[in-house]
Amino acid sequence: RWVLNLQCKGSRNFLSALRRAVEVDFKDRDRHESQGLYLLTTGIPDQETHTVSAYVAEVCRGFDLQLHVCLFSGMENIDSSRVLPARYADPADTATAFREIVQAANGRFHWFGETGIFESDDITVIVSEMEKANSYSQKCAFLVESLKQRS
């Protein structure tokens, strides 16, 4: 169910947006089997990471929901007419902060940019499954070969 588009014009006041989403849209959470929040962002929240992580962990446990983050790191061109956010971090520090926040929310983290995907929890899981399948395949091939040699 897609119901809410929270935009923080000129800021990244994540805590305010999350409070609004939880208080407004999750009042009737008992009628839904699962709930998830998807944050699409280009930068670090205005608030400190540990504060956001603590609040997210409390909210997600209380409402049985997950927070998933999609971070887009584009080429920033800051000119004099652009409003700067209250807090700034380079892309790597921003990704580190969102990894921590997502872990607190039991969610998934995806980081991409103009050149492609930098990191994705979903892709990491898929690659891990492929590596396991490859390992099992090699073990099976070894077993079949050893059985052929015995007969």
Side-chain angles (χ1 to χ4, degrees), residues 1-140:
R1 194 178 111 183
W2 298 87
V3 292
L4 187 60
N5 176 11
L6 297 175
Q7 294 180 347
C8 304
K9 294 180 177 31
S11 77
R12 295 187 179 118
N13 191 342
F14 175 76
L15 288 179
S16 175
L18 181 61
R19 268 191 217 108
R20 183 169 170 221
V22 171
E23 291 171 5
V24 172
D25 287 317
F26 292 102
K27 289 187 289 189
D28 59 351
R29 68 185 179 277
D30 294 335
R31 294 188 303 157
H32 307 287
E33 288 183 27
S34 64
Q35 297 287 340
L37 293 174
Y38 290 82
L39 173 64
L40 309 176
T41 187
T42 58
I44 197 161
D46 288 347
Q47 297 82 14
E48 292 294 324
T49 302
H50 66 275
T51 304
V52 174
S53 292
Y55 182 76
V56 162
E58 180 182 331
V59 166
C60 288
R61 274 191 300 271
F63 289 111
D64 191 28
L65 64 90
Q66 296 175 326
L67 171 69
H68 310 289
V69 173
C70 296
L71 172 63
F72 178 78
S73 294
M75 300 301 291
E76 291 194 42
N77 184 11
I78 300 173
D79 60 11
S80 60
S81 64
R82 180 167 173 202
V83 177
L84 292 175
R87 187 167 170 235
Y88 177 79
D90 65 33
D93 290 340
T94 300
T96 299
F98 278 118
R99 266 189 230 101
E100 180 182 324
I101 291 167
V102 163
Q103 284 178 339
N106 198 26
R108 296 186 322 269
F109 175 66
H110 309 285
W111 178 22
F112 62 100
E114 294 166 344
T115 59
I117 299 169
F118 303 131
E119 179 181 341
S120 171
D121 289 345
D122 291 345
I123 291 174
T124 301
V125 169
I126 291 169
V127 168
S128 174
E129 289 297 317
M130 290 170 58
E131 288 170 350
K132 281 184 201 174
N134 185 43
S135 174
Y136 291 140
S137 176
Q138 289 174 354
K139 289 176 185 176
C140 289

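Everything numeric here is computed off the predicted structure, so don't read it as measured data.
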Quiz prompt | Listed partners of Ala54 passing side chain to side chain contact (heavy atoms under 4.5 Å, CB included), at least two apart | solution = none

Practice problem: Any chance you could measure Leu39, atom CG, to Leu37, atom CG, to the nearest 0.5 Å? | Solution: 9.0 Å

Practice problem: Kindly compute the distance separating SG (Cys70) from NE2 (His110), expressed to the nearest 0.5 Å. | Solution: 5.5 Å

Self-check item: Sequence-distant partners of Gln103, side chain to side chain donor-acceptor pair (under 3.5 Å), two or more places apart
Solution: none

Quiz prompt | Those residues that, when tested against Gln47, pass side chain to side chain contact (heavy atoms under 4.5 Å, CB included) (two or more places apart) | solution = Asn13, Phe14, Leu15, Pro45, Val52

Self-check item: Residue from Thr124, Asp122, Val69 passing side chain to side chain contact (heavy atoms under 4.5 Å, CB included) with Arg108
Solution: Asp122

Exercise. Determine, step by step, whether Phe98 and Thr49 satisfy the side-chain contact (heavy atoms from CB on, under 4.5 Å) criterion, reporting the C-alpha distance in whole Å, the side-chain angles of both residues, the deciding distance to 0.1 Å, and the verdict.
Key: CA-CA 8 Å; Phe98 278 118; Thr49 302; over 6 Å; no

Self-check item: With sequence neighbours excluded, residues passing side chain to side chain contact (heavy atoms under 4.5 Å, CB included) with Glu48
Solution: His50, Thr51, Arg87

Quiz item: Got a second to check how far Leu67's CG is from Cys60's SG, nearest 0.5 Å?
Solution: 5.5 Å

Practice problem: Spell out, as yes or no, whether a donor-acceptor pair under 3.5 Å connects the side chain of Gln66 to the backbone of Asn106. | Solution: yes

Quiz prompt | Pairing residues for Ala95 by the side chain to side chain contact (heavy atoms under 4.5 Å, CB included) criterion, not counting sequence neighbours | solution = Leu71, Arg99, Phe109, Trp111

Self-check item: Separation between CG of Asp46 and OG of Ser16, rounded to the nearest 0.5 Å
Solution: 10.0 Å

Practice problem: With sequence neighbours left out, write down each residue that passes ring-ring contact (aromatic ring centres under 6.0 Å, His included) with His68, or none if nothing qualifies. | Solution: Tyr38

Self-check item: Side-chain (Ser135) to main-chain (Glu131) donor-acceptor, under 3.5 angstrom
Solution: no

Quiz item: Looking at Asp121 and Gly107, what are the two nearest heavy atoms and their distance?
Solution: OD2-O, 4.2 Å

Self-check item: Between CZ on residue Phe112 and CZ on residue Phe72, distance to nearest 0.5 Å
Solution: 6.0 Å

